[in-house]
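See below for the structure under consideration.
Quick caveat: nothing in here was measured; it's all calculated off a predicted structure. The chains referred to below are lettered A, B, ... by the order of the sequence lines, with proteins before strands, and numbering in each begins at 1.
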Amino acid sequence: MEPSFYDQVYEIVRLIPKGRVTSYGAIAKSLGAGGSSRLVGYAMNNAHGIVPKIPAHRVVNRNGLLTGKFHFSPPGLMQQLLENEGLVIIEDKIQHFKVHFWDPATEL
DNA sequence: TTAATGACCTCCG
DNA sequence: TCGGAGGCCATTA
């Protein structure tokens with residue numbers, strides 16, 4: 001099976017350093033997909049059965065809002081994991097998001 | 001092959 | 001400032 005968009009997304013998410021977060025659009029752009037931000041989220045949907053485990057909790061939307069937290073079980077797990085990384089989450093939104101933001105296109 | 005889906009992003013009212 | 005609708009592209013059935 002050739003490396004598909006999904007594999008690219010998985011690899012990028014796994015490269016996210018601890019205590020850092022990124023956005024779907026940033027990942028898509030770094031892959032050269034630009035407008036395929038939805039594909040990143042769609043890939044995360046399949047990431048539940050991917051190994052090694054994908055730190056999807058480090059991937060949020062452009063506003064730093066935990067839009068996909070409801071896909072976790074329990075839904076509060078995503079916030080809990082981010083807080084464990086040293087991040088601050090209030091009302092399902094990452095505080096100082098731009099400070100903890102990790103741009104794969106820049107870091108890589 | 002066509003049609004439908006989606007953990008988003010951006011624009012317009 | 002807040003809310004709603006459309007568009008983007010790859011994967012799956």
Side-chain angles (χ1 to χ4, degrees):
Chain A
M1 183 174 178
E2 298 179 358
S4 61
F5 213 94
Y6 280 33
D7 295 326
Q8 295 291 349
V9 175
Y10 300 147
E11 184 174 2
I12 292 294
V13 175
R14 281 183 295 177
L15 291 176
I16 300 175
K18 180 181 179 181
R20 299 289 177 142
V21 290
T22 188
S23 63
Y24 299 93
I27 296 174
K29 184 178 180 180
S30 68
L31 296 178
S36 56
S37 53
R38 308 185 73 177
L39 282 309
V40 181
Y42 200 70
M44 292 289 103
N45 189 350
N46 190 38
H48 281 272
I50 297 296
V51 288
K53 184 182 178 182
I54 307 297
H57 60 275
R58 294 177 183 164
V59 185
V60 295
N61 68 339
R62 201 57 173 172
N63 297 321
L65 190 68
L66 307 184
T67 54
K69 78 169 196 170
F70 292 100
H71 290 259
F72 285 78
S73 51
L77 180 62
M78 187 175 187
Q79 178 176 343
Q80 184 177 355
L81 290 172
L82 288 170
E83 290 178 346
N84 190 16
E85 301 267 329
L87 299 177
V88 181
I89 312 299
I90 300 178
E91 294 294 314
D92 299 337
K93 188 172 71 176
I94 299 176
Q95 303 302 307
H96 304 285
F97 173 66
K98 60 182 179 182
V99 178
H100 296 292
F101 181 76
W102 181 79
D103 188 353
T106 302
E107 298 297 327
L108 298 177

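- Y10(A) places a side-chain N or O within donor-acceptor distance of the main-chain N or O of A43(A), the cut-off being under 3.5 Å.
- One atom, CZ of F5(A), and another, P of dC8(B), lie 15 Å apart when rounded to the nearest Å.
- The shortest distance between side-chain heavy atoms of I16(A) and V21(A) does not fall below 4.5 Å.
- The interatomic distance linking L65(A) (CG) with dG3(C) (P) rounds to 13 Å, in whole Å.
- Separating the CD1 atom of I27(A) from the P atom of dC9(C) is a distance of 18 Å, rounded to the nearest angstrom.
- Annotation for A56(A) and V13(A): closest pair N-CG1, 4.3 Å, computed over non-hydrogen atoms.
- Rounded to whole Å, atom P of dA7(B) lies 4 Å from atom NE2 of H71(A).
- In this structure, the CD atom of Q79(A) is 16 Å from the C1' atom of dA7(B), given to the nearest Å.
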Would you list the protein and nucleotides 9-13 of chain B atom pairs, both N or O, that sit under 3.5 Å from each other?
| residue | atom | partner | partner atom | Å |
| --- | --- | --- | --- | --- |
| dC9(B) | OP1 | R62(A) | N | 2.9 |
| dC9(B) | OP2 | R62(A) | N | 2.9 |

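- Atom CD of E11(A) is surrounded by 12 or fewer heavy atoms from other residues, nucleotides or ligands within 6.0 Å.
- Applying the 4.0 Å criterion to OP1 and OP2 of dC8(B), one finds that T67(A) has a side-chain N or O inside that range.
- Closest-nucleotide positions on DNA chain C for S36(A) and N46(A) were compared, and the one nearer the 5' end corresponds to S36(A).
- For the pair F97(A) and V60(A), the minimum side-chain heavy-atom distance is below 4.5 Å.
- Among the heavy atoms of the strands lying under 4.0 Å from F72(A) is at least one base atom, whether or not backbone atoms are also near.
- Relative to the side chain of R38(A), the nucleotides dA7(B), dT11(C), dC8(C) differ in distance, and dC8(C) lies closest.
- When every heavy atom of T22(A) is checked against every heavy atom of W102(A), the shortest pair comes out as OG1-O, 3.0 Å.
- Taking atom CG of residue D7(A) and atom P of nucleotide dT11(C), one finds them 9 Å apart after rounding to whole Å.
- The CG-P distance, from L39(A) to dT11(C), rounds to 7 Å in whole Å.
- Among the atoms of the strands shown, none is found under 4.0 Å from any heavy atom of H57(A).
- The side-chain hydrogen bond (donor to acceptor under 3.5 Å, both in side chains) contacts involving residues 54-66 of chain A comprise S23(A)-R62(A), R58(A)-E85(A), where partners must be two or more places apart or lie in separate chains.
- Within 4.0 Å of A47(A), counting heavy atoms only, lies no atom of the nucleic acid at all.
- The nearest whole Å value for the distance from the CE atom in M44(A) to the P atom in dA10(C) is 17 Å.
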